[in-house]
Participant: 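Questions regarding the structure given below will be posed in turn.
Labels below follow one simple rule: chain letters A, B, ... track the order of the sequence lines, proteins then strands, and each chain is numbered from 1. Everything quoted here is computed from the prediction, not taken from an experiment.
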Amino acid sequence: MRIATYNVNGINARLPRLLEWLEEARPDVACLQELKADGEKIPIQAITDAGYGAIWHGQKGFNGVAILARGEQPVERRRGLPDDPDETHSRYIEAEVGGVVVASIYLPNGNPQPGPKFDYKLAWMERLIDHAASLLVEEKPVVLAGDYNVTPRDIDTFSVLAMADDALTQPESRAALRRLLHQGWTDAIRARHPEPAPLYTFWDYQAGAWPRDAGFRIDHLLLSPQAADRLVDANVDKAVRGREKASDHAPTWVELR
DNA sequence: ATGTCGAGCAAAGCTCGA
């Protein structure tokens, strides 16, 4: 069972690339972020025609997350995190597919920092940590997939110096991610690629980031112990980033037994 | 670390968010 996460950066702008990737990678589950669309603007017919059932938590213009399942309809469990005081951001949706609980997460970017956006990011991470703890209690295979907007370690960014003031690399962001991991989640990419290789998932459109491989590893798939037991592979579909009209993120995936 | 995008608003080019 292959479960992927892909920040599409506009589902309509990206539709040809998304359909092409679904056709060639054939993920069983695809967690999408940054739909930047809702309602009538979600190209549901094209997704259905590609053979996928879908649920989404959309939003006009910004944010927006979805879960696609090949040949079936994901069974929605929740949208939004518990106790969220600001329901205007569509950043979390959770479903069960084929006996696995899957979440599609678009964690706040948090720039500029310090400031209210960074405070919002850290508060959002606290709510995610609380909810994740409740998921572990179920003792099921769970995959928390998405754009976390956090580089776990220095190796996960092309330049520690250039990123020194960035919300994605701040000690507070990393400490919050570690507290989540320390509950008992496995960072699937690191579990399969323990060598200190970058395995970036995002390259900015600006400043020639892609041609000079100036990326970050910020898209993660965190596995509950029951999911980690079944982990056989994980990787990044890096070539997708190099295509015409590409998203600034590459699809990232796990294969579970 | 700013050389770029995507979307909204409103009808082209600015603003915002990344």
Participant: Taking only the C1' atom of each, what is the distance from B:dA12 to B:dG8 in whole angstrom?
Facilitator: 13 Å
Participant: With sugar-phosphate meaning primed atoms plus P, OP1 and OP2, does A:Phe216 contact a base, only sugar-phosphate, or nothing at under 4.0 Å between heavy atoms?
Facilitator: base
Participant: Quick one: on DNA chain B, does A:Gly208 or A:His249 contact a more 5' nucleotide (nearest heavy atom)?
Facilitator: A:Gly208
Participant: Under a criterion of less than 4.0 angstrom to any heavy atom of chain A, what are the 5'-terminal and 3'-terminal contacting nucleotides of DNA chain B?
Facilitator: B:dA1 to B:dA18
Participant: Please report the distance separating the P of B:dA10 from the corresponding atom of B:dC16, rounded so that it comes out in whole Å.
Facilitator: 14 Å
Participant: Quick check on DNA chain B: between A:Asp204 and A:Ile11, whose nearest nucleotide comes earlier from the 5' end?
Facilitator: A:Asp204
Participant: What residues join A:Val65 in its hydrophobic cluster, counting side-chain heavy atom gaps under 4.5 Å, either direct or through other members?
Facilitator: A:Met1, A:Ile3, A:Val29, A:Ile55, A:Ile67, A:Ile93, A:Val97, A:Val100, A:Val102, A:Tyr106, A:Val143, A:Leu221, A:Leu223, A:Leu231, A:Val254, A:Leu256
Participant: Taking atom CD of A:Glu23 as the centre, report whether more than 12 heavy atoms of other residues, nucleotides or ligands fall under 6.0 Å from it.
Facilitator: no
Participant: Just checking A:Ala13: base, sugar-phosphate only, or nothing, at a heavy-atom cut-off of under 4.0 Å?
Facilitator: sugar-phosphate
Participant: Check for me whether the distance between the ring centres of A:Tyr200 and A:Phe216 falls short of 6.0 Å.
Facilitator: no
Participant: Report the residues that fulfil ring pair (Phe, Tyr, Trp, His ring centres under 6.0 Å) with A:Phe62, sequence neighbours left out, ordered by chain and then residue number.
Facilitator: none
Participant: Determine the interatomic distance between P on B:dC5 and the same-named atom on B:dA11; round to the nearest Å.
Facilitator: 26 Å
Participant: Given the rule in the side chain to side chain donor-acceptor pair (under 3.5 Å) test, do A:Gln170 and A:Asp166 qualify, once you have shown the distances and angles that lead to the verdict?
Facilitator: CA-CA 7 Å; A:Gln170 289 311 294; A:Asp166 197 285; over 6 Å; no
Participant: For the pair A:Trp203 and A:Trp210, name the ring-plane relationship: parallel under 30°, tilted 30 to 60°, perpendicular over 60°.
Facilitator: perpendicular
Participant: Give A:Arg17 one of three labels, base, sugar-phosphate or nothing, depending on what nucleic acid heavy atoms sit under 4.0 Å from its own.
Facilitator: nothing
Participant: When you compare B:dA18 with B:dT2, how far apart are their C1' atoms, in angstrom units rounded to a whole number?
Facilitator: 12 Å
Participant: Have a look at A:Phe202 and say if it touches a base, only the backbone sugar-phosphate, or nothing, with a 4.0 Å heavy-atom cut-off.
Facilitator: nothing
